[in-house]
Engineer: 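If you scroll down you'll find the structure; I have some questions about it.
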2 protein chains.
Amino acid sequence: MTESPFETDGCRPAPRNCAPDSRVVAARLAALSHPARIEIIKHLSASNSCCCREVVDRFDLAQSTVSQHLKILVEAGLVRFEPDRQRSRYAVDHAALADVSASVAALVNSCCSGR
Amino acid sequence: MTESPFETDGCRPAPRNCAPDSRVVAARLAALSHPARIEIIKHLSASNSCCCREVVDRFDLAQSTVSQHLKILVEAGLVRFEPDRQRSRYAVDHAALADVSASVAALVNSCCSGR
DNA sequence: ATCGTTTATCGCCGATGGACGATGACCGAA
DNA sequence: TTCGGTCATCGTCCATCGGCGATAAACGAT
């Protein structure tokens with residue numbers, strides 16, 4: 001794979017007149033909308049950075065499943081990936097995470113300001 | 001149908017050692033993780049309250065599809081529903097929305113504080 | 001070279017999501 | 001009552017998700 005999670009699309013299908021913004025926000029929230037991935041994010045953050053195996057040990061999920069969740073998080077740009085010898089180091093991208101938080105806050109604000 | 005989306009569960013499946021919190025947050029984010037629903041939330045908020053038809057006119061989605069999206073938002077507690085004659089009035093629950101925002105912010109904070 | 005470990009990917013499967021059209025209920029107006 | 005508009009629900013279809021085991025690649029150590 002090349003890189004950016006949003007190069008072309010990678011978002012859910014949306015009706016015609018949806019702001020592109022909504023698609024991006026939705027895609028990021030989708031990455032966060034699974035309990036296992038939320039826990040993985042927490043775990044990564046607490047450990048600063050982890051390899052896949054550490055996460056597998058923590059949760060009782062198959063290694064392939066964890067790898068898949070990690071991939072989804074990386075593709076959403078919420079987690080950074082760096083190969084390290086035969087390991088893979090995964091670390092939370094705090095800026096991206098903060099950005100998601102800001103996006104949600106902005107949505108909520110836009111909803112309240114319009115009243 | 002009987003009732004509340006969370007009576008027993010209504011959340012996504014989660015590995016054993018997921019904080020119950022994560023399931024609740026994930027469920028709410030799931031409701032927000034679709035571009036159409038985000039746009040619907042914005043529209044509801046801008047109009048203060050809408051009936052289903054108004055939303056259908058705004059987006060080119062079938063009435064049944066919009067109704068389904070609204071149902072999901074209501075079940076997630078993000079939108080309030082009130083029957084009004086033969087119409088249905090839908091309005092954003094700003095408190096609930098703010099709560100979601102707070103949940104995400106808390107997640108992000110917990111990730112940053114642990115460093 | 002061989003083994004053990006770690007990882008990503010593949011294929012499969014059941015379940016869910018998202019879209020639609022059709023239908024029937026409800027209600028106001030004619 | 002009948003008609004038109006609004007709505008929720010049902011059934012269907014297709015795509016995606018989420019889980020798993022199996023496999024192969026990569027690499028360090030023996």
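Chain letters run A, B, ... following the sequence lines, proteins first, then strands; residues in each count from 1.
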Engineer: Would you mind reading off the distance between A:R89 atom CZ and C:dA8 atom C1', rounded to a whole angstrom?
Structural biologist: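 These atoms are roughly 17 Å apart.
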Engineer: Do B:I72 and B:L70 land in one hydrophobic cluster if side-chain heavy atoms of ILVMFWY residues count as linked below 4.5 Å?
Structural biologist: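 Hydrophobic grouping puts B:I72 apart from B:L70.
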Engineer: State whether B:Y90 places a side-chain N or O below 4.0 Å from either non-bridging phosphate oxygen (OP1 or OP2) of D:dA8.
Structural biologist: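 True: B:Y90 side-chain N/O within range (under 4.0 Å) of D:dA8 OP1/OP2.
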Engineer: Give a yes/no answer on whether the side chain of A:H69 brings an N or O atom under 4.0 Å of OP1 or OP2 in D:dC17.
Structural biologist: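 A:H69 to D:dC17 OP1/OP2: no side-chain N or O under 4.0 Å.
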Engineer: Please report the distance, rounded to the nearest Å, between CD in B:E75 and C1' in C:dG17.
Structural biologist: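 These atoms are roughly 13 Å apart.
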Engineer: What is the separation between atom CG on B:L70 and atom P on D:dA8, rounded to the nearest whole Å?
Structural biologist: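 Answer to the nearest Å: 7 Å.
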Engineer: Between P on D:dA8 and CD on B:E82, what's the gap in Å once rounded to a whole number?
Structural biologist: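 Roughly 13 Å, once rounded to whole Å.
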Engineer: Any sub-3.5 Å donor-acceptor pair from B:R28's side-chain atoms to B:A76's backbone N or O?
Structural biologist: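 Such a contact is absent between B:R28 side chain and B:A76 backbone.
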Engineer: Please list, pair by pair, any protein nitrogen or oxygen found under 3.5 Å from a nitrogen or oxygen in nucleotides 20-26 of chain D.
Structural biologist:
unit_1, atom_1, unit_2, atom_2, d
D:dC20, OP2, A:A62, N, 2.9
D:dC20, OP2, A:T65, OG1, 2.8
D:dG21, N7, A:S64, OG, 3.3
D:dG21, O6, A:S64, OG, 3.1

Engineer: Whole-Å distance between C:dT5 P and A:R87 CZ?
Structural biologist: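 After rounding, the reported distance stands at 12 Å.
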Engineer: Is there a side-chain polar atom (N or O) of A:R37 under 4.0 Å from OP1 or OP2 of D:dG18?
Structural biologist: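 A:R37 to D:dG18 OP1/OP2: side-chain N or O found under 4.0 Å.
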Engineer: Among D:dG19, C:dA8, D:dT6, which nucleotide sits nearest the side chain of A:H34?
Structural biologist: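 My answer, after comparing the listed nucleotides, is D:dG19.
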Engineer: Report the distance from atom CD of A:Q63 to atom CG of A:D57, rounding to the nearest 0.5 Å.
Structural biologist: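 These two atoms lie 11.0 Å from each other.
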Engineer: Are any of the side-chain heavy atoms of A:V92 and A:N48 separated by less than 4.5 Å?
Structural biologist: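 In short, these two side chains do not touch, never coming nearer than 4.5 Å.
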Engineer: Quick one: B:D57 CG to D:dG5 P, roughly how many Å, whole number?
Structural biologist: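 To the nearest whole Å, that distance equals 12 Å.
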Engineer: May I have the distance from A:L29 (atom CG) to C:dG17 (atom C1'), rounded to whole angstrom?
Structural biologist: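 Spelled out: CG on A:L29 to C1' on C:dG17 is 17 Å.
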Engineer: Would you please classify the geometry between the A:F59 ring and the A:H43 ring as parallel, tilted or perpendicular, with 30° and 60° separating the classes?
Structural biologist: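 Taking A:F59 first and then A:H43, their aromatic rings stand perpendicular (interplane angle over 60°).
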Engineer: Grab the two heavy atoms, one from B:V74 and one from B:F81, that are nearest each other, plus how far apart they are.
Structural biologist: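 Looks like CG2-CB, 4.0 Å.
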Engineer: Checking side chain to side chain contact (heavy atoms under 4.5 Å, CB included) between B:V79 and each of B:D93, B:L97, B:I41, which is the one that passes?
Structural biologist: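 So the option named by the test is B:I41.
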Engineer: Atom CD of B:Q68 to atom P of C:dT16: distance rounded to whole Å?
Structural biologist: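 Taking CD of B:Q68 and P of C:dT16, I get 14 Å after rounding.
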